Each structure stands twice: as structure tokens, then as C-alpha cells.
Amino acid sequence: MSLKLYNSLSSKKEVFKSISDKKVKTYGCGPTVYNDPHIGNFRTFVFYDLLNRVLQLNGYETETAVNITDIDDKIIDRVNQENTSLKEITSKYELSFLELSKSLKILPNNHNPRATEYVEEMIEFIQALINQDLAYEMNGNIFFDIEAYPKYGKFVNISDDLETEDNELSKKNRNDFTLWKAKKDSDGDIFWDSEWGKGRPGWHTECAVMIKTLFDGRLDIHCGGIDLKFPHHENESAQIEALQKHNLSNYWLHAEHLNMDDEKMSKSLGNFIDVSTLIEKNGSDVVRLFLLSAHYRTKVSFSQKKLDECKKMIDKIKRFAKNFNIDSKNIELKFSSEHELFIDALNDDLNTPGAIGVFFSFISEMNKKIAENSINDADKEKSLVFLKLFNSIFDILDFNNLHDQNIPKELQDLLVSRQEARKNLDWKLSDSIRDKIESLGWQVEDTSSGQNLSKKK
RNA sequence: GGCGUCGUACCCAAGUGGUUUAAGGGACCGGUUUGCAAAACCGUUAUUCGUCGGUUCGAAUCCGACCGACGCCUCCA
């Protein structure tokens with residue numbers, strides 16, 4: 001099955017067709033670096049990674065960008081509150097974003113452009129819009145004139161009542177948006193010089209110009225959180241499309257929110273959970289699986305119970321994987337029908353829950369054969385291929401570390417003693433040693449091939 | 001107020017016209033196995049998909065109304 005993606009432009013699943021044959025260019029709206037990101041932010045970032053990996057699975061070479069918004073009102077607020085510098089705040093949280101991304105196995109992007117490094121281009125871009133009568137100046141602010149761009153409203157129906165005037169900024173039209181913000185006293189030394197005076201670029205212009213500079217304003221796929229659909233993405237594309245007369249992006253993908261008690265998790269509502277806290281408590285593999293365990297276009301409510309269930313799922317996969325001698329480098333990805341079902345699910349608009357279902361059905365089938373001792377070489381090979389395929393997308397297994405290799409000496413000794421006791425049929429001693437092992441945070445299982453020690457769940 | 005999304009078992013969650021008289025995970029209960037556990041395996045758990053109508057040979061899937069939840073229209077992943 002060819003890759004299908006739900007395009008927000010048409011509100012339909014569409015067969016994906018790239019601009020050039022092999023290479024796909026994607027851009028995702030990244031974090032505003034003024035705060036530690038919460039788990040909801042990372043739902044979207046992990047979704048970008050999923051898209052990237054599925055594109056690669058389909059044989060595409062990807063060129064990805066996720067921007068760093070490092071000029072913004074909230075950042076300036078923090079700079080003023082903490083009496084520090086812009087760079088100090090933004091570099092701290094940019095680093096935290098990149099580290100958490102790595103920890104959640106998000107593949108590195110080709111570009112992580114910072115808005116502050118493109119201000120010159122932004123000023124030129126705004127000037128070009130003014131020259132084309134697509135923007136106008138008002139008290140040192142520059143606004144995009146949506147009346148000059150009749151196609152405005154690709155993501156929403158702009159209704160008549162929205163045309164009421166908003167006099168606060170003396171805009172011509174309520175939906176005219178800021179390209180350049182005139183400097184305010186509270187901005188301190190955070191400003192750039194332009195022909196229209198001191199100020200700084202607006203958010204929508206930042207993304208538009210980074211895309212223009214890196215990708216010549218022409219993308220295969222633009223993605224972001226659902227809340228950015230309007231006005232951010234509307235405005236982003238309006239600027240580029242009004243000026244360049246072609247689509248900014250052929251596909252627009254929007255990820256739904258992670259909610260907290262059925263309400264959107266957000267920094268402004270204060271109902272968010274830190275990613276780092278969550279990773280520390282549950283492990284990054286569990287958090288990653290949790291974020292991928294629901295389809296990206298459905299709302300998800302956060303709960304610890306779900307994370308606990310994901311942990312159990314991972315344990316089940318690991319137990320299955322331990323049946324095989326995995327040398328992941330030497331597994332040739334030769335797909336059979338079982339694998340194709342998994343790929344089909346992913347190609348059907350990144351249906352991760354469907355793909356997980358296919359994988360678990362396969363595990364069940366193989367486990368049955370293992371229990372009956374009827375598993376053959378072909379099954380084993382299929383299993384290895386499936387494990388590798390699964391991990392190429394979900395990336396929650398460490399094949400080199402499936403067997404807990406670092407067993408402390410103390411435990412090794414206990415295992416030897418227990419082995420001895422079992423040999424002597426001294427169940428009382430054997431069980432007391434088992435209790436001791438458990439009290440140390442490990443657990444021992446007796447299998448036909450001997451004792452199997454693992455970290456306690 | 002305008003625009004939009006969603007409502008599937010005890011919980012989570014796929015499926016969006018016939019291969020599904022509804023995947024997969026968790027939980028529960030019964031069984032096989034085991035010295036006992038654990039794990040694994042087998043079986044059971046929605047004749048039903050918010051409610052009521054309609055279209056169709058056929059609907060969880062399409063249409064309408066209603067009820068309920070949420071989002072966007074202001075910063076937001």
C-alpha cells in the first residue's frame with residue numbers, strides 16, 4: 001500500500017506524492033524556548049519523528065527542519081523577570097529540548113534554525129511584502145493585509161463577523177497580523193533596527209522566512225500541533241503564497257493534543273507535566289510508546305495508568321525478543337505478508353495503534369508455537385525481521401541489552417546458591433533465596449533452560 | 001456566536017459501506033504447565049459500536065436530528 005496522509009488542506013487522506021522523486025522536505029513548528037517542554041509538546045515532536053521514520057521506511061530520503069523560536073513575548077517577559085539575557089534563557093531551554101529529543105529517540109533533524117539568526121532575511125522579506133502592497137505600516141508595526149490576498153482562509157471559513165475592526169492596533173482588518181512589532185519599553189535591549197524603526201519580527205514571519213531560506217519556501221509536508229492550524233499556519237502560508245505565488249506546502253499534518261483531565265495541557269493553564277519528570281519515573285521507552293500508542297489525530301488524556309500499561313507491553317515484547325539471538329546488524333529486512341500488514345497500517349496515515357496490533361498478533365502466534373515447541377527457522381527469521389522492523393519505527397528496544405548483563409556479584413552468588421538448593425530439592429531454601437533476590441529489586445524465573453534473572457518491574 | 005473534531009467492551013484503543021456476527025493492549029475469571037511461583041499457552045468477557053430516525057440488498061462506517069465531551073476563532077505542540 002502506498003503512503004497515505006491526512007491533509008488538513010482537504011480534510012481527507014491523500015496518497016502522498018513528493019515534489020521530487022526521492023527526496024522529501026518537511027518542516028515542523030518547534031518549541032518556544034522559555035520553559036521546560038511538557039509531555040504534550042513532545043507528543044507533537046515524537047509525531048514528527050514518526051513521520052520522518054515512515055517516510056524513510058518508504059524509501060524516501062528526508063530533509064527535516066524543526067525550528068527554535070527564540071524571540072517571543074514570553075521569552076522577553078522571562079528575561080525581564082529574571083534580569084538575565086535573552087541568550088542565556090534561550091540556550092538553556094534549547095539544550096533541554098535537544099537532550100529530551102535525544103532521550104525520546106527522536107532522530108536528529110537536518111536543520112534546527114533559530115529565529116534570531118534569520119532576522120536580516122525577515123526584514124528583507126517584510127520589505128518585499130510591503131513593496132507588493134501586501135503589507136502596510138501603522139505606528140511602527142507592519143501588518144499583513146489580508147484584503148490584498150483573497151485566498152486567505154485556507155484552513156478556516158472566515159466569516160463576516162470577523163471583519164469587525166480591532167482598533168487597539170489600528171489594523172485595517174481584524175485578521176491582519178503582525179509581521180513586525182515596534183519596540184516597546186519593556187523590550188529593553190531586545191530589538192533589531194529596520195527601515196520602519198526598532199522592533200522585532202512577528203512569529204508567523206519567523207517560520208515563513210526560515211522555510212523560505214532553507215527550502216526556498218517550498219515544502220512537501222508542513223506539520224505542527226492542531227492549535228497552530230489557525231492562525232499560525234494560515235498566516236505563515238499566506239505570506240509565502242502571496243509573494244511567491246505557489247503553495248508553501250503540499251501537505252499539512254496536524255497532531256492532536258494531549259489533554260489533562262479532558263482539558264488541553266498547556267503552559268498557560270498550568271496543568272502540564274514535565275517530560276523529564278516523566279522519563280525519570282517511567283523510562284524514556286515507556287514514554288515514547290505511550291506517545292505513539294494512540295493515533296496522532298485523536299485526543300489523548302494523560303494518565304499514569306496508560307504509562308503502566310505501556311511498560312507491560314514493552315516487557316512482553318522484550319520477553320518475546322529474548323527467545324532469539326538478535327544480531328540486529330545482520331538481519332536482512334526481507335518482508336513477508338505479516339510485515340506488510342504492519343507497514344500498511346503505518347502507511348495508512350501513520351496508524352501506530354493499528355501497527356502495534358499487528359505486531360502483537362504476530363507475537364501471540366509465535367509464542368504459541370514456542371510453547372508447543374513447533375517454531376521453525378522460517379518463523380525465527382520472520383520474528384527477527386519483525387523485531388527489527390518494529391524497532392525501526394518505535395525504537396523502544398535495545399537489542400544489545402535485552403539480557404541484563406550487569407548482574408551484581410551478590411546476585412550472581414545468590415543464583416548459584418539457589419541453583420544448588422534446587423538441585424538438592426531444598427525448596428524452602430530456594431524460595432527464601434528467591435525472596436532475598438526480590439528484596440534486592442530483581443526477580444528470578446525458572447525456565448526449562450534454568451534460572452532467568454531480570455530487573456523487577 | 002462562528003468554525004471544527006470526537007463519542008466503540010470494566011479501562012485504553014484500531015476499524016469509517018460487505019473478508020469484522022468489531023483488531024490489539026491492560027484488567028478479571030477458569031484451565032494447561034510448574035515443587036511453588038513467574039512467564040508462556042488455551043478458554044471466557046461488545047449479537048454490539050452515545051440516542052432516535054433515514055438511505056441501502058447490506059451501516060459502527062453514509063445522511064439528519066438530538067444528547068454529551070473537547071478544540072480553534074487571543075499566546076499555545
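In the text below, chain A, chain B and the rest are named by the order of the sequence lines, each starting its count at 1. Values in this document were obtained by computation on a predicted structure and should not be read as measured data.
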Review point. Which is it for A:D227 and A:K264 under the salt bridge (charged side-chain N to carboxylate O under 4.0 Å, His left out) test, yes or no, and what are the steps along the way?
Key: CA-CA 10 Å; A:D227 52 347; A:K264 177 176 165 179; 3.7 Å; yes
Report the distance from atom [atom1] of [X] to atom [atom2] of [N], rounded to the nearest whole Å.
X      : N     : atom1 : atom2 : answer
A:D72  : B:A77 : CG    : C1'   : 14 Å
A:K229 : B:C75 : NZ    : P     : 17 Å
A:H254 : B:C70 : NE2   : C1'   : 18 Å
A:R200 : B:C75 : CZ    : P     : 12 Å
A:K13  : B:U16 : NZ    : P     : 6 Å
A:F302 : B:C70 : CZ    : C1'   : 19 Å
A:E256 : B:G7  : CD    : P     : 12 Å
A:I146 : B:C73 : CD1   : C1'   : 13 Å

NA contact type, [X], heavy-atom cut-off 4.0 Å: base, sugar-phosphate, or nothing?
X      : result
A:L425 : nothing
A:T298 : sugar-phosphate
A:G40  : base

Point to revise | Whichever of A:H295 and A:V156 has its nearest RNA chain B nucleotide further upstream toward 5' | key: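 The residue whose closest nucleotide sits nearer the 5' end is A:V156.
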Check your understanding: Closer to the 5' end of RNA chain B via nearest nucleotide, is it A:G30 or A:Y296?
Key ->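 That would be A:Y296.
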Side chain of [X], heavy atoms from C-beta onward: which of [options] has the nearest atom to it?
X      : options             : value
A:A371 : B:C75, B:A77, B:C41 : B:C41
A:R319 : B:A39, B:A14, B:A77 : B:A39
A:K306 : B:C41, B:C12, B:G71 : B:C12
A:D227 : B:U74, B:A77, B:A14 : B:A77
A:L228 : B:C70, B:A77, B:C73 : B:A77

Taking only N and O in the side chain of [X], is any of them less than 4.0 Å away from OP1 or OP2 of [N]?
X      : N     : value
A:N259 : B:G71 : no
A:K322 : B:A39 : no
A:S11  : B:G4  : no

Point to revise | Side-chain donor/acceptor contact of A:K74 with base of B:C75 under 3.5 Å | key: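 Donor-acceptor pair under 3.5 Å: yes.
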At a cut-off of 3.5 Å, list every protein nitrogen or oxygen paired with a nitrogen or oxygen from nucleotides 34-37 of chain B, distance to 0.1 Å.
{"from": "B:G35", "atom 1": "O6", "to": "A:R422", "atom 2": "NH1", "distance (Å)": "2.8"}
{"from": "B:G35", "atom 1": "N1", "to": "A:D431", "atom 2": "OD1", "distance (Å)": "3.0"}
{"from": "B:G35", "atom 1": "N2", "to": "A:D431", "atom 2": "OD2", "distance (Å)": "2.7"}
{"from": "B:C36", "atom 1": "O2", "to": "A:R434", "atom 2": "NH2", "distance (Å)": "2.5"}
{"from": "B:C36", "atom 1": "N3", "to": "A:R434", "atom 2": "NH1", "distance (Å)": "2.9"}
{"from": "B:C36", "atom 1": "N3", "to": "A:R434", "atom 2": "NH2", "distance (Å)": "3.3"}
{"from": "B:C36", "atom 1": "N4", "to": "A:D446", "atom 2": "OD2", "distance (Å)": "2.9"}
{"from": "B:A37", "atom 1": "N6", "to": "A:D446", "atom 2": "O", "distance (Å)": "3.1"}
{"from": "B:A37", "atom 1": "N1", "to": "A:D446", "atom 2": "N", "distance (Å)": "3.0"}
{"from": "B:A37", "atom 1": "N3", "to": "A:R434", "atom 2": "NH1", "distance (Å)": "3.0"}

Whole-angstrom distance between [N] and [M], as gauged at atom [atom1]:
N     : M     : atom1 : result
B:U16 : B:A69 : P     : 28 Å
B:G68 : B:C52 : C1'   : 15 Å
B:C62 : B:A46 : C1'   : 23 Å
B:U48 : B:A23 : C1'   : 15 Å
B:U55 : B:U19 : P     : 23 Å
B:C41 : B:C63 : C1'   : 47 Å
B:A9  : B:U5  : C1'   : 24 Å
B:G17 : B:U61 : P     : 11 Å

Practice item. With salt bridge (charged side-chain N to carboxylate O under 4.0 Å, His left out) as the test, would you mind laying out the steps for A:R200 and A:D73 before giving the verdict? Key: CA-CA 10 Å; A:R200 61 195 162 90; A:D73 289 344; 2.4 Å; yes
Check your understanding: Will you find, in the side chains of A:D349 and A:Y296, an N or O donor that is under 3.5 Å from an N or O acceptor?
Key ->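 Result is yes, a qualifying pair exists.
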In the structure shown, which nucleotide is the Watson-Crick or G-U wobble counterpart of [N], with both distances under 3.5 Å?
N     : value
B:U48 : none
B:A37 : none
B:C72 : B:G2

Practice item. Quick one: which residue pairs count as a ring-ring contact (aromatic ring centres under 6.0 Å, His included) with a foot in residues 411-432 of chain A, not counting sequence neighbours? Key: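 Output for this query is empty, none listed.
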Point to revise | A:K172 to A:Y136 six-membered ring, cation-pi geometry met (6.0 Å, 45°) | key: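 Here A:K172 passes the 6.0 Å and 45° test against A:Y136.
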Review point. Where is the tightest heavy-atom contact between A:F155 and A:K229, given as atom of each residue plus distance?
Key: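 Here A:F155 and A:K229 meet closest at CD1-O, 3.6 Å.
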Practice item. Please lay out, stage by stage, how A:F42 and A:F97 fare under the test side chain to side chain contact (heavy atoms under 4.5 Å, CB included). Key: CA-CA 9 Å; A:F42 265 91; A:F97 163 70; 3.9 Å; yes
**Study point:** For A:L346, the option from A:N351, A:L389, A:T352 that meets side-chain contact (heavy atoms from CB on, under 4.5 Å)
**Key:**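 When side-chain contact (heavy atoms from CB on, under 4.5 Å) is applied between A:L346 and each of A:N351, A:L389, A:T352, only A:T352 qualifies.
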Check your understanding: How about A:Q304: does its CD atom have over 12 heavy atoms from other parts shown lying under 6.0 Å from it?
Key ->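 Counting neighbours around CD of A:Q304, more than 12 heavy atoms of other residues, nucleotides or ligands fall under 6.0 Å, so yes.
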Review point. Ion pair present between A:K312 and A:D308, side-chain N to carboxylate O less than 4.0 angstrom?
Key: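 No, A:K312 and A:D308 are not salt-bridged.
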Practice item. Answer yes when A:R53 and A:D49 have at least one side-chain N-carboxylate O distance shorter than 4.0 Å, and no when they do not. Key: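 Salt bridge present between A:R53 and A:D49.
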Point to revise | Atom pair CD (A:E236) and CZ (A:F177), whose distance is rounded to the nearest 0.5 Å | key: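 It is 9.5 Å, given to the nearest 0.5 Å.
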Can you tabulate the close N/O pairs, meaning under 3.5 Å, that link protein atoms to atoms of nucleotides 19-28 of chain B?
{"from": "B:G25", "atom 1": "N2", "to": "A:E309", "atom 2": "OE1", "distance (Å)": "3.1"}
{"from": "B:A27", "atom 1": "OP1", "to": "A:K312", "atom 2": "NZ", "distance (Å)": "3.2"}

